[in-house]
Each structure stands twice: as C-alpha cells, then as structure tokens.
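Right, one structure below, let's go through it.
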Amino acid sequence: MYQIDRKICTFANKMEAQIKIESLIQDPTMIFFVVLLIILFAPIVMSKLRIPHIIGMVLAGVLIGEFGFNILSRDTSFEVFGQVGLYYIMFLAGLEMDLESVKKNSKRLVIFGLLTCFVPLILTLVMSVTILDYSPKASFLLGCIMASNTLVAYPIIGRYGLQKNSSVMLSVGSSMLSLFMALVMLAGLVGTFNEDSGWLFWLLFVLKFAAFCAGSILIIPRLTRYFLRRYSDAVMQFIFVIAVMFLSAALSALIGLEGIFGAFFSGLIINRYIPHVSPLMNRIEFIGNAIFIPYFLIGVGMLINLQSLSDGWEVWGIMFLIAFFGTFGKALAAYISALLFKLTKSEGHMMFGLTSAHAAGAIAMVMVGRRLLMDDGTALADNNMLNGVVIMILVTCIVSTITTERAAQQIVIANTHHPSSNTQKNDDERIMVCVKYPEIAPQLLELALLIRNQKLKRELVALNVVYDGENSIEERQKGIQLLEKLQQQASASEVQVQPQVRLATNIANGIKHAFRESGCSEVVMGMHVHTEVSTKFWGEFIQSLYNGLNRQILLMRFTQPLSTLRRIQVAVPSRAEYEPGFRRWLERVCRFAGQLDCRVQFHGRQESLDLINEYINSRHSNVRAEYTQMAHWNELPKLASHIGPDNLLVVVTARKGTISYKNALDRLPDELTKYFSGTNLMIIFPDQYGNTKEEKMSFTEAQHHEENSIYDTLLRWIHKSHQTH
C-alpha cells in the first residue's frame, strides 16, 4: 500500500512539473549571459543606492527566479556553481584566518561559539514550542537551523582588508564551531528516527570524525609541500588547491557532516602554504569573487518565494517569529561577547553582522526535516516552516550585509585615525629587485612581495644590468624578456613593477647608479654560485656593492620554494640594535615570517634579544618568535645541526668600521661555505649612517681640490699685493 501511494505521488509530481510554466530563457549560453549581467551591474546599482552589492545579488535572484518573473529556472548549473560558491566562502575564510591569533584567542573563540550557538537555539526552541505550538522535535530542528549561520557577508571583509581583525577572527571561528555543533545535533535528531540510533551510532560517528581530522592533518600538509616543491606552474597549483578543497568537502559529507565544514577545515590546513600576497592566493580570491560566490548568492535568491506571503497572516507570523528570535539570539550572543572581551562597539557590530546571516545551509537543514516523517505520516518540517525559513534567509542576509558593511567602515576609519597609522606616510620604502638569472628571478620577486608594506601600495623596481660589450644587444633583449615575465608575475598579485634595463661597463656601478636614481631604500638580489667569477664567497662584485651603498642589501640563496619553509633561524651579531638599520631588517624578517606563518628563532646576545622581543610584541604580535642566547659569534657553526632542509638561515652581518662589526665576521664566507652549503640562506647588510667609502673618497678629493684652489687664490693675491707696493 505504501509503494502504491509513493507511485501516485511520483506521478503527480511529474504531472505538476510538466504543466509548470517554463522559464523565459532556457538556452545555456543566454543563461550564463544573464548571470554575468547581474554580476556586472548589481554592484553598480547597489553602490548608487549605498546598499551592499551582496544584497543586490540576492534580490536579483528573487526577481529572475521562478517565484519572480520566471526568467531563469534554478537548474543544475545553479546547484553546482552555488555549491562551489558556498565551499569557496568557507575555504577562503579558512585560508585568510590568522592561526596564531586564533590560538591566542582560543578561549574567546570557544565562549563566543557556544553563545552564538545555544542562545538562538534556546530562544527559538522555546518560541516554537510555546507560540508556534510545534512538536519538540520540530522545534529542535528549527533551533538547529537558527544556531548555525553562513558567512554570506564575508566578501565584504576582503574589500576592506579586515581579515586579521580580532572581531572577524572570532566571528569566523565561532561560525565554524556553531555550525559543527548544529550539524552534530541535527545528526542526532536524524538518528532518533532510525532504529539503530543507540550508542553504536554515536561511537561510529566519533570514530569517523576523528579519522577524518587526523587523516587531513597528516596527509594534506605533506602532499601540499611535495606538490609545491616540484611544480611551479600557476594553473597546476590552482587546480591542486581546489581539488584538495573538494576532496575534503566530499569526505566531510561522507562521515555525516556538511561539505562546508570540510571546505573550511582544508582551508585551515593549507593556510600556511599560501601566503596572502602570493599570486596563487590572488587567483583563488579572484575566481571565487568573480564567478562562484555571486552564483551562490543569486541561487539563494531564486529559492525565496515572496508569493508565499500572500497565503495569510500565519506565514507572516511564522516568518517574523523565526527571523526575530533567531536574529535577536545572534545579536545577544555577539554583544554579550563583545562586552566580556572588552571590544569596541563597532567590533560588536561586526561580530553580529557576520554571524547573523543564514543561507543555503538553512535550506539544506529544513529539507532534511521534510524527509523525516512523524508517527502520523506528516513531515517534521511543514510547508509553513519551509516558507518561513526561506523568507528568513532574505531578511537575515539583508541585516547581515548592511551591519557588516557599516561596521567595516567604522573599523577602517578608527584604524586610520590611530596614531600608529600616521607613521606609514614617512616610510621611504621602495624595494629594488636585481635580477639576472631566470631560474631564481621569480623567487626573488616573490621575496620582495612578501616583505613589502602592502599598505603603502608602492611599486617595485626590477633591474637588469647588462655588461656593455660585444653581446650587449642580445643580452639586453634577454633582460627585457625576463622583466616582462616578472611584470606578469607581479600583476597576478596586483603589484606594479617598474622595469629597468641598464648598460654598464661595471655591473656594481650600474646597480648603484640605478639605485640612487630610482630613490630606492633597499636591494634584493640573488647570491651567485658561479665560482669562476671569484674565488671568494660573494666575490668582488658584492664587496663593491655593499662598500658603495649604505642602504640595506638582502642576498638570497634558494634551495626550495619559499612557501614550504617551516622555520626561520636568525643569527644576530652583538650590538646590532645600535645600528641605524636595526628596525628595517627586523621589520622585513617579521613580515616574511608573518606572511609564511612559520616560526622564527633569533640567536644573539640577551640585550639584543630583549629589544627584538619588545619590538615584535608591540608591532607583530602574531609572529611566533623564539629566542636563544648566543654568547659569541664563534658559536655560529653550531647552528648547522639545528637547521633542517625546510629552514631558512638569516645572517645579519655588518660592514667594516660599523658598531656591530667584529673580526669574526671575516670568517663568515668560509663558515657559510663549510657548514651551510645546502641550506636556504639570506644575508642582510643593514642600513648605515654617513657616506660610503666611494662617497668619502670623492668627498676627500673635492675637499682637497677646494683647498688647493683657495691656496692658489691666496698666493695670487699676495703676489699682486707685492707688485702694487
């Protein structure tokens, strides 16, 4: 009898689908064209109305959907692209999280996660039982829906550059925690409808979840390091990262959780292997924000049936109660947490805005309730609950995006007026990248991108000096082609590069002249390994360069990609803190470690380490720094036993005649060759006050010439005076 009823229902559904009015546009090409028009014009229209463009995407979906003007039908393309867009939002949230800040604020994150989960759950549960007269199971389902949330407004954070703000970190982390708890509770609710829902069910679930987390943590990092070390092609790296995201999402769904949890978890794991300023990160964000995330938002709007509001006051009441109590619970949790954590008012608004929106996840949960049948044969989630949840999605998306947009503007304005931000204006930073060999030029540019100040938004100078000889024309053409490739690489990170190809009879003098003409602050260059150039470690060329420039010089030797480094070892000479370039090289090392999210260990005298620790705590609190005393520079070879293949050795040296120079530095080339021949190496010559040796020589010659001219003038005056008398 049950199968007969099921066949009748299936036949009725087919008949209903056949008589349903078809959408106006069915051609795949035109469907994609209409979607692109919405993605193009929604931000333009919404910006004139001063409304977040995300709302424009959702409203456009309402208008073109089958419940609007029925221009497009929500076919499989919207389901697939929308699912990818949802995964993208969660994956980007995991990639852009500052894991060190999460660790430091783990207690806050747990507190906020528990509040933003259980406060709306309890309020919605009590409201459903007392006011809507729902059954306990139906009320619990509705509470689970309101306990979770979707980071619909997260793309706004990227536009304002607030990914590392503490309130954003807490909101993203608590959203994942509340989503996880809601999915677990939903799995428990579904289990109550099965006969085998006892302790074996939960034991199996815990084992599958533990295996998923352990396998992801053990396998994904090793696989990522292996792939990034061996393949540098941009397309291959992008496909690999997205494949990892989908694999993690599929495995997460397989163990009984939603795929969005797996997408977020994979983003957390790959986080440290994709620097935020890298071309790969830029490609991931660009493709997601351009196609997949707008597709998801438009698809959410197409689910919203505004016509259901005409069914009567009952739907209005259910929609209002669900939206009010759920949103009120999220607001209560956010502002209570902001008061407990002593955050600003705008940060409290940010926490509420990010955690208040619901989207396709709520639809998925209510559809689970539609499949669950009560004892009387009715669905756990009736049509009124479905319509109320769908309208609630529209309301919460509007509230979330408007609140997040205004909070982001307030936080940016507050940071702009902060005294520390004014110091950026006087920063003379302008990095010059000297390139010659195509095999290391891309990595040198990547290093410059990682250590540059993103807030200044200044261009890089890429220099190729060609020896003015018989093959100068051919070499100059090769230099132009090399710089064009570097421009393309930098453009992927939205950074401008000023290319310069210079002819010179002396390469070092050509670099020095170009450096002064371009007004640069420091030089980044590779360490040549051609022994025929000179018998010394860095040859006469490097010696001529650092003797002729009193600005910072970074020499780099690569043995593996920078993104796969796990620890930075910094050797600091005694009295380095008294050098004028102390803060500059320390700032660059901190930026480098922060972008790669790897540990940095300083070795030096205690007085130097104390000042380094103070600087990092005040300026780069997210950097994971360790400090080890090195009583004398003679102990430098001992570091060789502590440096692994995925470590970077940074040696801060000094020019002769400076405060931190010592005779032991004369042995540095031999020690580096003997003990650190196969390691990643960076040598830093810090800034120095005063003139260089060449400038001093020219100044002395000019002074001598001036004294001779004065002496000659004096003699002529005496001779003339003698003749007069």
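All residue numbers in this chain count up from 1 along the given sequence. Just so it is clear, the model here is predicted, and its values are computed rather than measured.
- Atom CG of Leu207 and atom CD1 of Ile255 lie 11.0 Å apart (nearest 0.5 Å).
- No donor-acceptor pair closer than 3.5 Å links the side chain of Thr327 to the backbone N or O of Phe324.
- Side chains of Leu132 and Met127 form a contact here, defined as non-hydrogen atoms less than 4.5 Å apart.
- Contact of the Leu86 side chain with the Phe292 side chain is not registered, since no non-hydrogen atoms from C-beta on lie closer than 4.5 Å.
- Note that OG of Ser128 is 8.5 Å distant from CG of Leu321, once rounded to the nearest 0.5 Å.
- For the pair Leu141/Tyr134, no side-chain contact is recorded, criterion being any heavy-atom separation below 4.5 Å from C-beta on.
- For Phe240, the CZ atom is densely surrounded, since the number of other residues' heavy atoms within 6.0 Å is greater than 12.
- Between Tyr295 and Phe78, a ring centre-to-centre spacing shorter than 6.0 Å is recorded.
- To the nearest 0.5 Å, the span separating CG on Leu354 from OG1 on Thr404 amounts to 4.5 Å.
- Ser174 places no side-chain N or O within 3.5 Å of a backbone atom of Phe112 that could act as its donor or acceptor partner.
- Shown here is Glu494, whose CD atom has no more than 12 heavy atoms of other residues, nucleotides or ligands within 6.0 Å.
- Side-chain contact, Ser175 with Asn149: a donor N or O sits under 3.5 Å from an acceptor N or O.
- Formation of a donor-acceptor pair under 3.5 Å by the Arg283 side chain with backbone atoms of Phe238 is not found in this model.
- Taking the six-membered ring for Trp and thresholds of 30 and 60 degrees, Phe212 and Phe261 have ring planes inclined between 30 and 60 degrees apart.
- Without hydrogens or angle criteria, Ser266 side chain to Ala263 main chain gives a donor-acceptor distance under 3.5 Å.
- Of all heavy-atom pairs between Ala93 and Leu151, the closest is CB-CD1, 4.0 Å.
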Verdict with reasoning, Leu162 to Met350, per side chain to side chain contact (heavy atoms under 4.5 Å, CB included): CA-CA 11 Å; Leu162 297 175; Met350 175 66 74; 4.1 Å; yes
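- Across Gln163 and Met169, no two heavy atoms sit closer than the pair O-CE, 2.9 Å.
- Between the side chain of Ser148 and the backbone N or O of Leu179 there is no donor-acceptor pair closer than 3.5 Å.
- Residues Val172 and Tyr154 are in side-chain contact: their nearest non-hydrogen atoms beyond the backbone lie under 4.5 Å apart.
- Residues Asn70 and Leu24 are not in side-chain contact: their nearest non-hydrogen atoms beyond the backbone lie 4.5 Å or more apart.
- Ring-plane geometry between Phe91 and Tyr88 is classed as perpendicular, the angle between the planes exceeding 60 degrees on a 0 to 90 degree scale with a lower cut at 30.
- His349 pairs by the side-chain hydrogen bond (donor to acceptor under 3.5 Å, both in side chains) definition with Tyr335, not counting sequence neighbours.
- One N or O on the side chain of Ser356 and one on the backbone of Gly353 form a donor-acceptor pair closer than 3.5 Å.
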Stepwise side chain to side chain contact (heavy atoms under 4.5 Å, CB included) check, Met351 with Leu343: CA-CA 10 Å; Met351 294 166 65; Leu343 300 178; 3.5 Å; yes
Check against side chain to side chain contact (heavy atoms under 4.5 Å, CB included), Tyr87 and Met245: CA-CA 8 Å; Tyr87 289 164; Met245 177 189 74; 4.2 Å; yes
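- Inter-residue side-chain proximity for Ser216 and Phe265 is flagged as met; some heavy-atom pair is nearer than 4.5 Å.
- Rounding to the nearest 0.5 angstrom, the gap separating the OH atom in Tyr273 from the CE atom in Met281 is 16.0 Å.
- Residues Leu36 and Ile291 have side chains in contact (heavy-atom distance under 4.5 Å, counting atoms from C-beta outward).
- Counting all heavy atoms, side chain and backbone alike, Ala147 lies closest to Pro120 at CA-CG, 4.2 Å.
- For the atom pair OG of Ser171 and CD1 of Ile157, the computed distance is 8.0 Å after rounding to the nearest 0.5 Å.
- Looking at Asn271, its side chain never comes within 3.5 Å of a backbone N or O of Gly267 through a donor-acceptor pair.
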Steps toward side chain to side chain contact (heavy atoms under 4.5 Å, CB included) verdict (Ile111, Phe341): CA-CA 10 Å; Ile111 292 174; Phe341 306 151; 4.1 Å; yes
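- Rounded to the nearest 0.5 angstrom, Leu177 CG and Thr116 OG1 are separated by 9.5 Å.
- Ile25 approaches Met30 most closely through the heavy-atom pair CG2-CB, 3.5 Å.
- Residues Asp75 and Ser77 have side chains that bring a donor and an acceptor to within less than 3.5 angstrom of each other.
- Contact between Ser167 and Ile411 at its shortest, heavy atoms only, is OG-CD1, 4.2 Å.
- With 3.5 Å as the limit, one finds a donor-acceptor pair spanning the side chains of Thr344 and Glu347.
- Closest approach of Val129 to Ser139, counting heavy atoms only: CG2-OG, 3.2 Å.
- Using a 4.5 Å heavy-atom cutoff, the side chains of Phe67 and Met302 are not in contact.
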